[in-house]
There are 4 protein chains.
Amino acid sequence: METVETGETPTRLSRRRERRKAEIVRVAISLLATSGYQGMGLDDVADGADIAKPTLYHYFSSKDELVSAALETLSNNVLNRLIAVLDDAPGDAHRDRLRALVNEQIRIMTEEYPEVGTIFAWQTSWPDMHDEARKSMRRRHDAVFRQVVVAGLEAGELDCANIDVALQCLHGIINNASIWLSQMKDSEQTLTTQRDLVSAVMRIFTTEHS
Amino acid sequence: METVETGETPTRLSRRRERRKAEIVRVAISLLATSGYQGMGLDDVADGADIAKPTLYHYFSSKDELVSAALETLSNNVLNRLIAVLDDAPGDAHRDRLRALVNEQIRIMTEEYPEVGTIFAWQTSWPDMHDEARKSMRRRHDAVFRQVVVAGLEAGELDCANIDVALQCLHGIINNASIWLSQMKDSEQTLTTQRDLVSAVMRIFTTEHS
Amino acid sequence: METVETGETPTRLSRRRERRKAEIVRVAISLLATSGYQGMGLDDVADGADIAKPTLYHYFSSKDELVSAALETLSNNVLNRLIAVLDDAPGDAHRDRLRALVNEQIRIMTEEYPEVGTIFAWQTSWPDMHDEARKSMRRRHDAVFRQVVVAGLEAGELDCANIDVALQCLHGIINNASIWLSQMKDSEQTLTTQRDLVSAVMRIFTTEHS
Amino acid sequence: METVETGETPTRLSRRRERRKAEIVRVAISLLATSGYQGMGLDDVADGADIAKPTLYHYFSSKDELVSAALETLSNNVLNRLIAVLDDAPGDAHRDRLRALVNEQIRIMTEEYPEVGTIFAWQTSWPDMHDEARKSMRRRHDAVFRQVVVAGLEAGELDCANIDVALQCLHGIINNASIWLSQMKDSEQTLTTQRDLVSAVMRIFTTEHS
DNA sequence: CATGAATGAGGCTTCATTCAT
DNA sequence: GATGAATGAAGCCTCATTCAT
């Protein structure tokens, strides 16, 4: 949950370094989401993290390394929350587990990372060097959902003609919904919309509807 | 093929100017889609149109004016194709008309504008100046689909709990699918996938499935 | 009074060419005065003369040639008017002739060329190539005044310690007054000020004052 | 020697910053005078200050901000020197004080700022943004001279028909003389000319001459 | 460790000038 | 002769990055 490469110096007061790093990454994720790769200026990152621009280079050797760290952190946080949902309800019906996953994903996007969809969208305009990281994220993210869908299909609880297409639809809906939902002012309406959204997604995977 | 602002001088070889303008806009649309607003450099536009950079200023007085023209051309082309589909089959069942719309939209995105989804996506990082154009495009685009869905709901042919949510899902699926589909190599698989995609979308609007 | 290099083709309907040239030069003089050498864009000149920019090159082979023509026309017009004043009153007292010269110069600057002072001011920022023309203009201009002053000094009508210094003062006063006067709104005040200005200049050349 | 905005951090080697800033401003003043606003290129400023062009932006956020600083520095330096002259001889006769002022102004223009006249001349072609600064400079500059002249008129030591006209003449003479004088090679002649110049100016304000 | 200073590369835009029609 | 089209050079400004303190 901290950063990945810990382990060398178990614990020391260089924890401060990790805290700073995490703060910088947090700002970077936010800027990446709102402004895109080209729009994220190191000036803005430094401002947001309350440090001077050259100080960034004590933590990340280049803009692209910072971006990589941001992508990785973002991936891990999202995946961890999704996996936690599955762990919390290991015995549920597959249909309910899928519903829970979708619901959690939507909550992540409205509450914590309103912008994550724009980062991992298929979209290009990112340097090639990050393609692998973004593809990997999408793959791992897809695997979480796919595993539940496959089990549901085998158990006869779910039903869709083409699982690849169905999962693409799922990702499309979720990515698109992220910013749309986070722009709603009325919080009650937001909740209602979220519920309807989950239902709409479930339609893609089920024949009879609740 | 559809340049705007024609009609003033139906004259002769100033057609060349319009052709050049259209070519520049074409390159701009492509770059906007692949690289985003910030990533679209006038150098690249000029290169793509085989002219020198300052020559761009004979046709567009600034980068933003070129971008505006690109957005407008893109909007008009897409909307015209969708409307043409509706006009071609005015008497069909609403369900079939919706299916035709979705199908056409997907074809637009795979054949002509593989990237249109990324331009009109909710995403930010565009100068405020273009917000209105992008919102307007989404609004008009949504209206085409909504009108068919509303008619279908009233006729009892379609059925969805929340029309706003359903349409958002539709747009999300389509936007997301655009680049995904255009990256497929095998053209037969592409066709199959398109068909499955349309079916998946239709699930959101219908209770019994064909 | 037309342009200088006439004489080859005595008269023809290529008079049109000369008229165009004169119009262009007129616009150029105005822009040179209000915007300076760097500020005078050929776009503006073409606009002001109601022709297209490349058409300028049919009349002047470069910006600098146009500028040269402008300087020459300006010089000639001003000098011609000053000489005409002297010719009109050949027998007057030298003091009165000087007063008439100063008065005419001020009228030129307020009525016809409000900006001429800024062009021939000592100021630099002009390409070297025009230095000679500007120096020559100043020399010829100075000669007109100097000739009267010298005659006045010899006749004992005028009196100044250093004729070079006195003439420099005269030019400085006149150049500076040009834009100052032309900014006055009240035309009666303008007249009064002009009269006082002439008196002030005369003080430099006379011991007893009228 | 007089940098503005000191006092905040009376600290140590951030003095270097102020020195650099002053150096840049010095170069800018010189270029503004010799080349005008449009002629002053940031390339030249950077060359003159022996730094790279982007480095300028560490000190001034735009060309216009640099120009503003240059105008302000120039104004302050000139006014301070003039006021110092008045302070040095507070008890002198008004006529002598005026003579001292004129003398000092001429020395400023020949020794330190040969070009100041061309910057604050009435001339246009400057962006509107600097109009206020230039007008303000002329106003404050005029006030210094006017105050002495008014006192001299009231005391009966000076005499001129129209004080506004007389002061305009003074400024015109001084501005015009600046570059003229600074082009003289022979330093003895320069001194003689300066003295004669002061005498000529004094004629405008006095009836009997020394 | 932290930062002010510095900069090469690149981005948008303007301008005087040439070329083809 | 007149003009729309085209462009190389230059101008102002930004940004990721390095260096010295």
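These values consider heavy atoms only, across backbone and side chains, with no hydrogens, waters or symmetry-generated copies. So you know, we letter chains A, B, ... as the sequences are listed, proteins then strands, and number each from 1.
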Open item on the list: Taking the nucleotide of DNA chain E with the nearest heavy atom to each, does B/Ser62 or B/His58 sit closer to the 5' end?
Closed with: B/Ser62
Open item on the list: Using whole Å, what does the distance between atom C1' of nucleotide E/dA16 and atom NZ of C/Lys53 come to?
Closed with: 7 Å
Task: Atom pair distance, as rounded to whole Å: CG in C/Asp43 and P in E/dT17 - done: 12 Å
Task: N/O (side chain, B/Tyr57) to phosphate O (OP1/OP2, F/dA6) under 4.0 Å - done: no
- [ ] Take D/Pro54 and B/Leu42, find for each the nucleotide of DNA chain E with the closest heavy atom, and name the residue whose nucleotide sits nearer the 5' end.
- [x] D/Pro54
- [ ] Describe the nucleic acid contact of C/Phe60 in one word from base, sugar-phosphate, nothing, applying a heavy-atom distance below 4.0 Å.
- [x] nothing
- [ ] Tell me whether the OP1 or OP2 atom of E/dA2 has a side-chain N or O from A/Arg20 closer than 4.0 Å.
- [x] yes
- [ ] May I ask you to evaluate whether B/Arg16 reaches the phosphate of F/dA6, defined as a side-chain N or O under 4.0 Å from OP1 or OP2?
- [x] yes
Open item on the list: Any side-chain N or O of B/Thr55 below 4.0 angstrom from OP1/OP2 of F/dA5?
Closed with: no
Open item on the list: Tell me the interatomic distance from C/Asp44, atom CG, to E/dC15, atom C1', rounded to whole angstroms.
Closed with: 11 Å
Task: Nearest-angstrom distance from the residue atom CG of C/Leu56 to P of E/dA16 - done: 10 Å
Task: Euclidean distance, atom CD of residue B/Gln38 to atom C1' of E/dG10 [Å, nearest integer] - done: 14 Å
- [ ] Could you state the atom-to-atom distance from CZ of D/Arg15 to C1' of F/dT21 in whole Å?
- [x] 19 Å
Open item on the list: Can a donor-acceptor pair be found, under 3.5 Å and without considering hydrogens, that links the side chain of C/Thr34 to the backbone of C/Ser30?
Closed with: yes
Open item on the list: Looking at F/dA5, I'd like to know if its phosphate oxygens (OP1 or OP2) sit under 4.0 Å from a side-chain N or O belonging to B/Arg17.
Closed with: yes
- [ ] Step by step, work out the salt bridge (Lys or Arg N to Asp or Glu O under 4.0 Å) result for C/Arg26 and C/Glu23.
- [x] CA-CA 5 Å; C/Arg26 195 186 58 75; C/Glu23 167 69 1; 2.9 Å; yes
